[in-house]
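Input: a single structure, listed below in structure tokens.
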Amino acid sequence: MNTKDQPFIFERSKPGRVGHSIPTLNIPEQNIDELIPNAYLRKIEPELPEVSELDIMRHYTALSKRNHGVDSGFYPLGSCTMKYNPKINENIARLEEFAYIHPYQPVEQVQGALELLFELQTSLAEITGMDQVTLQPAAGAHGEWTGLMMIRAFHEENGDFKRTKVIVPDSAHGTNPASATVAGFESVTVRTNDQGLVDLDHLQEVVGEDTAALMLTNPNTLGLFETYIKEMAAIIHKAGGKLYYDGANSNAILGITRPGDMGFDVVHLNLHKTFTGPHGGGGPGSGPVGVKKDLIPYLPKPILVKNGDIYDFDYARPKSIGRVKPYYGNFGINVRAYTYIRTMGAKGLRKVSEYAVLNANYMMRRLEPYYDLPYKQHCKHEFVISGRRQKKLGVRTLDIAKRLLDFGYHPPTIYFPLNVEECMMIEPTETESKETLDEFIEAMIQIAEEVEENPEIVQEAPHRTVISRLDETTAARKPILRYDKA
Ligand SMILES: *Cc1c(COP(=O)(O)O)cnc(C)c1O
């Protein structure tokens, strides 16, 4: 089934039409049956659409216009940092000298690429206040797992096999407890207090000789900076645990403060968030991990080193947790992040954070009269509001999110974090103009007014999109991904 104005590519198919011409064969034709063993030969011809080049171009261009991306509109998805991806990053990543090198080329031939990686890891160590950085992990969650495996190796080296627990606040990103479990730990929850910060008394209760680490998302998913971070660091270190900093969203702290200075032993960054790598489509990411000195021996191998003027890989790392990714991470994303850091410079990066925080606070204060604000203090790069006032009038946060589609916006993250009822988590980012922020705020205010005057319009939204309200459960659980002629 499809909407009338946009037939499937199969429905456009006419026998004999071609969209691509293959060069004529200039070698003798071979008999496939002799070359490929019978077991691997195709028994049924694939049913492919037969369309002209123009048909196929229009088809996919039309579909692409239905997508929402940072290049097409405002995308305030909390905890995702959907900032603009500068096009200079793309130009640099596409330079032949970067794009066409092969990972098996000898290091003498790829010194420039290695120099870029080396400078990137050095910059990231400086930005985070850590002693060394690996660029291998392919995403944030992968970085978390890598960091925890190093912490595990460290404790085991010390004969500390009883440290089986990782403490994770209830306001942490969902990947934190998941990574702890995948790394073989038991995750223990520490509560958030009425200020939206980790409850220090509860932390004292759960910490102990079995504590391997505390994983902290900071600013936490409520957009709040953990004010008592030094106290927390002291509690965990006194108990012999390590401190892990989830820096996926470092948009609020660049050039202002550093996890290393706060006492953290491990940190990961998401280059595909804070450092402008394009994301959202499940494409390649990069989740570098920085560590303090005593964890350096456990870094994934090989590590990239500089011997005199020559960049090289060091494989002689007996305590390393091993490789976590083939070759040396997602190179193209690392090139983009390096380009961004060099474009912004140190002062520019600090401005990024100042504007990200300013934009979020501006929006939060302007929305405060219309939506419940569970935590009143200033926020960092994002903030959380609650739709519980609207819920009393029969409109749920999901409805508000759907209504935003009518205004051409990607909705914020909803129903996360779990500790706020009817939650909306909004992250405007620094790359948006005041006009864009104001237009979004006006849309949010109009929706709040509609809830009071005409709730049906919100409950039945969206009205102006290609497809109206979906049955969410069926769409998620039983998606139809295959075209059947019948
Ligand atoms: C996005 C995010 C992650 C996970 O990163 P992925 O690259 O999606 O694996 C972890 N922590 C926080 C705070 C995040 O925002």
Side-chain angles (χ1 to χ4, degrees), residues 70 75-83 85 124 128 134-149 166 168-183 187 192 196-198 213-226 229 243-254 259 264 266-290 324-325 329-330 332-334 336-337 353 356 360 379-384 410 412-420 423-429:
V70 204
Y75 206 140
L77 192 64
S79 200
C80 288
T81 312
M82 302 303 290
K83 60 166 83 173
N85 313 131
L124 296 176
T128 54
T134 172
L135 299 173
Q136 270 191 40
H142 194 195
E144 291 169 29
W145 176 83
T146 303
L148 289 171
M149 292 305 281
V166 170
V168 185
D170 57 7
S171 61
H173 194 266
T175 49
N176 292 184
S179 302
T181 306
V182 176
S187 98
T192 299
L197 305 174
V198 169
L214 166 76
M215 283 184 100
L216 199 72
T217 303
N218 187 50
N220 65 31
T221 55
L222 297 165
L224 304 175
F225 193 91
E226 292 285 350
I229 215 151
L243 277 154
Y244 185 100
Y245 190 101
D246 180 336
N249 304 124
S250 288
N251 232 29
I253 64 162
L254 297 176
F264 283 81
V266 190
V267 56
H268 88 262
L269 298 167
N270 276 27
L271 301 190
H272 50 290
K273 285 180 184 167
T274 313
F275 296 91
T276 65
H279 67 293
S286 183
V289 176
V324 301
K325 173 102 178 59
N330 279 327
I333 291 293
N334 292 333
R336 289 168 174 87
S353 288
C379 65
K380 289 292 171 279
H381 60 291
E382 64 188 358
F383 61 96
V384 158
H410 192 291
T413 301
I414 56 171
Y415 299 112
F416 192 85
L418 305 171
N419 48 355
V420 174
C423 181
M424 283 175 261
M425 186 192 201
I426 304 180
E427 183 181 6
T429 82

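Whatever order the structure lists them in is the order used to number ligands and atoms, beginning at 1. In what follows, every heavy atom counts, from backbone to side chain, and hydrogens, waters and symmetry copies are set aside. Please read all numbers here as calculations on a predicted model, not as lab measurements.
V289 is not listed as a side-chain neighbour of V267, based on a closest heavy-atom distance of 4.5 Å or more. In this structure, the side chains of T274 and L269 stay at 4.5 Å or more apart for every pair of heavy atoms.
Here K273 pairs with nothing under the salt bridge (Lys or Arg N to Asp or Glu O under 4.0 Å) rule; sequence neighbours left out. Shown here are the ring pair (Phe, Tyr, Trp, His ring centres under 6.0 Å) partners of H279, two or more places apart in sequence or in another chain: H272. Residues forming a ring pair (Phe, Tyr, Trp, His ring centres under 6.0 Å) with Y245 (at least two apart in sequence, or on another chain): F264.
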**OP:** Apply side-chain hydrogen bond (donor to acceptor under 3.5 Å, both in side chains) to N85 and T276, showing your working.
**Re:** CA-CA 5 Å; N85 313 131; T276 65; 5.6 Å; no
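For a heavy-atom separation below 4.0 Å, the residues in contact with ligand 1 are S79, A139, G140, A141, E144, H173, T175, T217, D246, A248, N249, N270, H272, K273.
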